[in-house]
Amino acid sequence: MNIKMKINLKNLLLAFLFLFTISNFAFADQINDKDFKFKITIPSGWEKTKSEETAKKDAISYSFNRVDGKNALMIIAFKVNAVKELDDLIYTLEKDFTLKIPPRSGEYVSFDNGTYDGKIGIYKDNEFTETIYYYRTKNSESNNFAYMVRFITPNAYYNADSESEIKSITSSFAPTN
């Protein structure tokens with residue numbers, strides 16, 4: 001896919017997200033998803049634009065936009081039977097054509113919080129900087145989950161303030177029991 005086509009697809013995605021934002025959807029505050037076992041707090045100034053669950057009930061996605069257009073957030077949660085191999089999850093999501101993730105910029109940063117761990121990647125192209133957090137639970141029983149928390153920031157707005165807000169939101173993310 002050439003760069004111009006990729007940029008056009010990203011512009012279409014942002015236009016689509018913007019239309020949802022102006023459609024008067026509910027204000028987002030905290031998601032506490034009992035089926036996919038996670039919680040996250042979304043600050044004021046963000047609006048929930050969409051939420052979809054697969055027909056098999058094995059994945060769900062949430063989309064949010066900052067009302068000023070300076071950032072977008074997508075959360076995808078997956079139910080998995082066993083502990084998901086984190087690198088396999090990342091590879092699959094990075095290669096998913098429908099997600100249109102740009103090339104990664106730099107190395108992943110890994111973290112481990114005991115019952116779950118993850119990696120953070122920064123991705124960039126000519127228009128956007130994306131900060132993506134990948135998580136997986138490490139339960140010994142069969143109920144495990146994998147998550148992607150993805151921020152899409154126009155390059156003009158990617159700065160220390162946007163990084164701080166991203167870190168603040170992701171610090172509120174946690175798998176639940």
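- Note that CZ of R136 and CD of E85 are 6.0 Å apart. Values are rounded to the nearest 0.5 Å.
- Within the structure, no pair that satisfies the ring-ring contact (aromatic ring centres under 6.0 Å, His included) test touches residues 71-93, not counting sequence neighbours.
- A 6.0 Å sphere centred on OH of Y157 holds no more than 12 heavy atoms belonging to other residues, nucleotides or ligands.
- To the nearest 0.5 Å, the span separating CG on D58 from CG on D35 amounts to 12.0 Å.
- Put simply, the side chain of Q30 reaches to within 4.5 Å of the side chain of T41, judged on heavy atoms.
- Annotation: side chain of T170 is not in contact with side chain of I120 (no heavy-atom distance under 4.5 Å).
- Separating the OG1 atom in T131 from the NZ atom in K167 is a distance of 9.0 Å, to the nearest 0.5 Å.
- When side chains are defined from C-beta on, L99 counts as touching M74, because their heavy atoms get closer than 4.5 Å.
- Residues I75 and I31 are in side-chain contact: their nearest non-hydrogen atoms beyond the backbone lie under 4.5 Å apart.
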task = Test side chain to side chain contact (heavy atoms under 4.5 Å, CB included) on Y147 and K84 and set out the steps.
result = CA-CA 10 Å; Y147 309 96; K84 182 73 175 164; over 6 Å; no
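- Distance alone, capped at 3.5 Å, is enough to place a donor-acceptor pair between the T92 side chain and the D88 backbone.
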Review point. R66 and F151: side chain to side chain contact (heavy atoms under 4.5 Å, CB included), yes or no, with the steps?
Key: CA-CA 11 Å; R66 271 186 54 138; F151 294 86; over 6 Å; no
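- Here OG1 of T153 is found 10.5 Å from NZ of K124. Values are rounded to the nearest 0.5 Å.
- In this structure, E53 and F36 approach most closely via the heavy-atom pair OE2-CE1, 3.4 Å.
- Taking the ring pair (Phe, Tyr, Trp, His ring centres under 6.0 Å) definition, one finds that Y135 meets it with F111, F173, sequence neighbours left out.
- The nearest pair of heavy atoms linking R150 to I132 is CG-CG1, 3.7 Å.
- A side-chain hydrogen bond (donor to acceptor under 3.5 Å, both in side chains) with T137 holds for exactly one of T115, N144, T176; it is N144.
- Stacking of K100 on the aromatic ring of F97 is recorded, both the 6.0 Å distance cut-off and the 45° axial limit being met.
- Counting non-hydrogen atoms of neighbouring residues, nucleotides and ligands closer than 6.0 angstrom, the CG atom of N177 reaches no more than 12 such neighbours.
- With hydrophobic clusters built from ILVMFWY side chains whose heavy atoms lie under 4.5 angstrom apart, V83 does not share a cluster with F145.
- Using a cutoff of 4.0 Å between basic side-chain nitrogens and carboxylate oxygens, E165 and K70 are not scored as salt-bridged.
- Side-chain contact between D117 and K138 is present, with heavy atoms from C-beta onward closer than 4.5 Å.
- For the side chain to side chain contact (heavy atoms under 4.5 Å, CB included) test with P102, the passing option among D125, I152, N126, T129 is D125; the others fail.
- For the pair I42/K48, no side-chain contact is recorded, criterion being any heavy-atom separation below 4.5 Å from C-beta on.
- Among all heavy-atom pairs drawn from W46 and A72, the shortest one is CZ3-C, 3.9 Å.
- Checked against Y62 for a side chain to side chain contact (heavy atoms under 4.5 Å, CB included), the options V149, I76, D33 give a single hit: D33.
- Atoms OG and CZ, on S51 and F64 in that order, are 8.0 Å from each other to the nearest 0.5 Å.
- Closest approach of G69 to P154, counting heavy atoms only: O-CG, 4.0 Å.
- Nearest heavy-atom pair across N155 and F128 is OD1-C, 3.0 Å.
- From K37, atom NZ reaches atom CG of N32 across 10.0 Å, with rounding to the nearest 0.5 Å.
- Looking at N71 and I166, their side chains come closer than 4.5 Å, going by heavy atoms from C-beta outward.
- Looking at every heavy atom in both residues, D112 comes nearest to G114 through OD1-N, 2.8 Å.
- The shortest distance between side-chain heavy atoms of I122 and Y158 falls below 4.5 Å.
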